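Step one of this worksheet: look at the structure below.
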Amino acid sequence: MKVGDRVRVKESVVVYHHPEHRGQDFDIKGTEGEVVAIVTQWQNRPVSANFPFLVQFSKKFKAHLRDFELESI
């Protein structure tokens with residue numbers, strides 16, 4: 001996967017920061033979005049992020065995910 005790819009969440013992933021369900025658990029399985037960044041550096045130093053893929057699902061909702069939780073569409 002690379003920046004700009006359309007992806008779908010294929011695993012059950014529960015988030016608590018979804019704008020329409022703030023503070024409640026919300027499963028984003030099946031939600032589609034676009035990869036907007038792949039985290040490999042922070043302040044010009046390499047990092048090994050646990051959740052390297054930043055996916056934008058809507059104008060107000062982004063989430064960091066792992067590669068095995070996503071599938072390209």
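As the structure is a prediction and not an experimental result, all values here were calculated from the model.
Remark: side-chain polar atoms of D27 are paired, donor with acceptor, to backbone N or O of V13 under 3.5 angstrom.
Applying the side chain to side chain donor-acceptor pair (under 3.5 Å) criterion to E32, with sequence neighbours excluded, gives R8.
For the atom pair CZ (F61) and NE2 (H21), the distance works out to 9.5 Å, reported to the nearest 0.5 Å. Distance check, rounded to the nearest 0.5 Å: CZ of F57 to OG1 of T31 gives 6.0 Å. For the atom pair OH (Y16) and CD (Q24), the distance works out to 10.5 Å, reported to the nearest 0.5 Å. To the nearest 0.5 Å, atoms CZ (F26) and NE2 (H17) are separated by 11.0 Å. Atoms CD and CZ, from E11 and R66 in turn, are 10.0 Å apart once rounded to the nearest 0.5 Å. Rounding to the nearest 0.5 Å gives a distance of 12.0 Å between CG of L65 and NZ of K10.
Here the closest heavy-atom approach between residue V47 and residue Q41 is recorded as CG2-N, 3.9 Å. Considering every non-hydrogen atom in both H64 and V39, the closest pair reads CE1-CG2, 3.9 Å. For the pair M1 and V7, the tightest heavy-atom approach, listed with the atom from each and the gap, is SD-CG1, 3.5 Å.
Pairs engaging residues 41-61 under the salt bridge (Lys or Arg N to Asp or Glu O under 4.0 Å) rule: none recorded [sequence neighbours left out].
The shortest side-chain heavy-atom distance between L70 and V9 falls under the 4.5 Å cut-off. With a 4.5 Å cut-off on side-chain heavy atoms, V55 and E34 do not count as touching.
For F68, the CZ atom counts as densely surrounded, since its 6.0 Å shell holds more than 12 non-hydrogen atoms of other residues, nucleotides or ligands.
Side-chain contact, D5 with S72: no donor N or O sits under 3.5 Å from an acceptor N or O.
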